[in-house]
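Take a look at the structure set out below.
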Protein chains: 2
Amino acid sequence: MPVKIQDVARRAGVSSATVSRVLANKPHVSEEVRRRVLAAVEELGYQPSRVARSLRAQRSKIIGLIISDIQNPFFTSLVRAVEDVAYKHQYAVFLCNSDEDIEKETLYIDLMRAERVAGVVISPTRETDNPCQKLIEVNVPVVAVDRRILDLEVDTVVVDNVGAAFNLVRHLINDGHRHIGAVIGSSIATTGRERREGYVRALEAHGLPILPHLIRTGLPKEAVGYQLTGELLDLPDRPTALFTGNNLLTVGALRAIHERGLRIPDDIALVAFDELDWMSLIKPNLTVVAQPTYELGKTATNLLLNRIENSAHPPQEVVLNPPLIIRQSCAHHESSSDERR
Amino acid sequence: MPVKIQDVARRAGVSSATVSRVLANKPHVSEEVRRRVLAAVEELGYQPSRVARSLRAQRSKIIGLIISDIQNPFFTSLVRAVEDVAYKHQYAVFLCNSDEDIEKETLYIDLMRAERVAGVVISPTRETDNPCQKLIEVNVPVVAVDRRILDLEVDTVVVDNVGAAFNLVRHLINDGHRHIGAVIGSSIATTGRERREGYVRALEAHGLPILPHLIRTGLPKEAVGYQLTGELLDLPDRPTALFTGNNLLTVGALRAIHERGLRIPDDIALVAFDELDWMSLIKPNLTVVAQPTYELGKTATNLLLNRIENSAHPPQEVVLNPPLIIRQSCAHHESSSDERR
DNA sequence: AATCCTATTGTAATCGTTTTCAACATCTTT
DNA sequence: AAAGATGTTGAAAACGATTACAATAGGATT
């Protein structure tokens with residue numbers, strides 16, 4: 001039904017090869033013919049079939065984007081960045097929501113392969129045994145963003161999770177806290193593992209004990225944050241401060257804290273990984289590490305496009321440093337000064 | 001590079017036609033051959049090229065999704081629904097963020113056409129003169145969601161904006177408010193126009209005057225909500241209550257209200273269109289109309305898939321009724337009782 | 001046993017591009 | 001003027017699947 005290159009060729013009185021050459025801005029076409037072809041294209045409203053092009057070129061101008069939770073504002077911002085960059089380069093974006101589910105992730109990766117996408121940006125559900133392997137095998141470029149894939153050689157864009165978590169927890173310690181709870185994502189994914197490590201290192205660096213029952217982990221969802229925080233708050237030796245390792249976990253934590261009528265920072269101090277734009281509306285404002293989400297997505301997509309152009313160079317790793325933003329959620333803690341000296 | 005149907009055929013000792021028949025579960029294939037083919041597929045890890053299929057079938061198994069703001073949780077939830085339904089039916093989703101920009105929307109529509117997508121779900125930037133026309137012309141099914149396209153015959157899924165806005169404003173009036181400001185999206189899009197209409201009708205129904213300077217409109221973004229609300233609050237005859245017509249406008253309004261140290265509902269009452277999941281964290285909880293966002297996306301996608309299967313039947317319009325949720329942001333207003341009797 | 005069906009399989013055309021190769025024309029160089 | 005170089009164009013072969021059609025074989029019916 002739609003008009004095709006043959007129609008344009010007929011209208012302009014040339015062959016389809018010539019039309020193709022004009023459209024691709026190839027040399028060796030006379031001005032006269034070029035003019036006629038462009039006129040025909042205009043008149044017929046011709047639009048090349050990207051499907052036919054993809055088949056011929058053995059590669060679609062599409063990039064796949066696989067994330068774990070489209071409803072998480074962190075990823076939303078990342079998606080936005082990927083989309084912006086792709087749009088500028090005339091690429092379309094396949095959006096896939098893996099839901100932290102490895103089966104779904106695998107299916108989507110098969111889909112990417114079947115669609116012959118030019119490349120994939122992924123925030124992998126887990127660090128090892130990742131189905132991305134299948135893409136690498138058939139030479140589809142992959143960029144890991146936010147989370148790593150340990151056993152594959154791919155371009156990677158992450159933040160310094162260990163350092164940032166370390167800074168957050170050290171801040172609590174410097175405020176006098178000695179009994180600090182952690183609500184973090186599970187260690188299957190990079191973010192959970194590394195942020196936990198930052199927490200542990202900060203305690204160790206200050207000679208504090210690592211108490212396993214103060215570290216709670218689970219899927220990075222609000223309901224889980226609510227649940228885990230509740231468990232910590234109801235402990236006989238309730239922590240005086242909390243570190244939450246993910247924005248949704250933070251929302252859940254806040255809900256649990258509010259529900260118990262506890263005040264921040266008087267009853268419990270709170271530092272959080274990642275920021276949410278509406279957080280300035282709640283009091284007190286939270287001390288957080290602000291992730292450069294848009295930057296993350298933009299960098300990843302640019303890396304991917306580079307790799308698509310030229311796959312020769314060795315994989316790159318970009319580590320961004322998220323700033324610590326100190327606000328009012330963790331004032332100086334008095335009582336603990338008795339405990340240590 | 002990837003294995004193709006010919007490779008499978010050779011391996012199984014049959015022709016590619018037979019392989020195709022097996023994979024499509026067509027009749028007239030002997031059990032013996034079917035077994036051999038499936039074994040070959042398994043051994044080679046064959047995956048059909050969806051690109052070649054699309055070319056041959058003159059239609060991709062892809063649906064296009066064009067929304068105006070991926071960072072708005074309303075759309076995020078909608079995207080999620082579309083993605084879920086598409087996934088179940090083996091469709092991939094092209095995500096396009098139009099940014100309320102008609103030029104970008106047009107470019108994306110051209111892209112959809114060039115990619116020969118099976119259909120498009122769109123929340124159109126404007127009601128009239130919509131570029132979707134171009135899709136209809138080439139028989140690509142379109143479903144409008146959240147917002148209408150007035151001059152095209154397409155399936156449509158929206159909420160009862162007029163009714164819901166009417167209910168919200170009536171609630172304020174019943175609480176004694178007589179001087180009510182409105183911060184709404186501009187009337188180019190359905191949501192802005194219809195919600196404004198609901199506001200106007202509610203005032204009229206109660207014999208209240210429509211004061212143009214109390215109605216502020218603009219793009220549905222937080223910064224705009226902040227700006228417009230600020231203007232209303234700084235008026236010499238500041239309204240005693242506010243109606244915000246969109247979730248992001250609400251966030252901006254809250255910021256403006258907080259910044260001026262005003263209390264809700266004592267200094268100013270507030271009712272809002274659409275809900276945000278973190279809103280339960282701020283006090284007081286807002287009286288809102290809760291949009292069934294997931295339902296919206298799900299219904300739209302199902303309608304689209306139906307239309308793709310069978311384009312014969314006349315366009316449908318589904319109108320969902322969002323519930324009014326009364327909370328604490330608009331207590332009874334005393335002073336106004338003097339004004340009217 | 002001749003005829004007709006039906007079940008199974010293969011051949012080849014098709015979808016809409018791009019690109020290689022060859023053909024021809026024109027221009028330069030000797 | 002012959003030879004070679006260069007510029008412009010078209011014919012045809014890919015890309016990888018589906019499918020209309022033909023071909024063959026075997027079984028049933030007369």
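Across D:dG16, C:dA7, C:dT18, the shortest atom-to-atom separation from the side chain of B:His28 is found for C:dA7. With distances taken from any side-chain atom of B:Ile5 to the nucleotides C:dT17, D:dT9, D:dA17, the minimum falls on D:dA17. Listed nucleotides: C:dT18, C:dT8, D:dG16. Nearest to the side chain of A:Ser16: C:dT18. Proximity note for A:Val14 (side chain, C-beta onward) versus D:dC15, D:dT18, D:dG10: the nearest is D:dG10.
The NZ atom of A:Lys61 sits 18 Å away from the C1' atom of C:dG16 (whole-angstrom rounding). We find that NZ of B:Lys4 is positioned 10 Å from P of D:dA14, with the value rounded to whole Å. In this entry the distance linking CD of B:Gln6 with P of D:dA17 reads 9 Å, nearest Å. Between the CD atom of B:Glu31 and the P atom of C:dA7 there is a distance of 15 Å, rounded to whole Å. The distance between atom CG of A:Leu55 and atom P of D:dA13, rounded to the nearest whole Å, is 17 Å. Distance A:Leu23 CG to D:dT9 P: 15 Å, rounded to the nearest Å. Rounded to whole Å, atom P of D:dT18 lies 12 Å from atom CZ of B:Arg50. Distance A:Arg113 CZ to D:dG16 P: 14 Å, rounded to the nearest Å.
For C:dT9, one of the phosphate oxygens OP1 or OP2 lies less than 4.0 angstrom from a side-chain nitrogen or oxygen of B:Ser30. The phosphate of C:dT18 has neither OP1 nor OP2 within less than 4.0 Å of any side-chain N or O from A:Lys26. Residue A:Ser20 has a polar side-chain atom (N or O) positioned under 4.0 Å from OP1 or OP2 of C:dT18. At D:dG10, one or more side-chain N or O atoms of A:Thr18 fall inside 4.0 Å of OP1 or OP2 (strictly under the cut-off). A close approach under 4.0 Å does occur between a side-chain nitrogen or oxygen of A:Gln58 and OP1 or OP2 of D:dG16. Within the 4.0 Å cut-off from OP1 or OP2 of D:dG16, not a single side-chain nitrogen or oxygen of B:Ser49 is found.
Take the nearest nucleotide of DNA chain C for B:Arg34 and for A:Ala17: the residue whose nucleotide is more 5' is B:Arg34. Checking A:Ser15 against A:Ala57, the closest nucleotide of DNA chain D that is more toward the 5' end is the one next to A:Ser15.
If you check every strand for non-hydrogen atoms under 4.0 Å, B:Val51 touches nothing.
For the pair A:Arg11 and A:Leu44, the minimum side-chain heavy-atom distance is below 4.5 Å. Looking at heavy atoms from C-beta onward, B:Val318 lies in side-chain contact with B:Leu303 at the 4.5 angstrom threshold. The shortest distance between side-chain heavy atoms of A:Thr293 and A:Phe75 does not fall below 4.5 Å. With contacts defined as side-chain heavy-atom distances shorter than 4.5 Å, the pair B:Ile136/B:Asn139 does not qualify.
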Check nucleotides 21-27 of chain D for protein N or O atoms closer than 3.5 Å to its own N or O atoms and list the pairs.
none

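Summarising the local packing, NZ of B:Lys104 is surrounded by more than 12 heavy atoms from other residues, nucleotides or ligands at distances under 6.0 Å. Within 6.0 Å of NZ in B:Lys134 there are more than 12 heavy atoms belonging to other residues, nucleotides or ligands.
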**Study point:** Audit row: A:Glu115, B:Arg50, salt bridge (charged side-chain N to carboxylate O under 4.0 Å, His left out) steps and yes/no
**Key:** CA-CA 5 Å; A:Glu115 287 283 1; B:Arg50 282 171 64 112; 2.7 Å; yes
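At a cut-off of 3.5 Å, with distance as the only test, a side-chain donor of B:Thr125 or B:Glu105 sits close to an acceptor on the other residue.
In this model, a side-chain donor or acceptor of B:Arg56 finds a partner on the base of D:dT18 within 3.5 Å.
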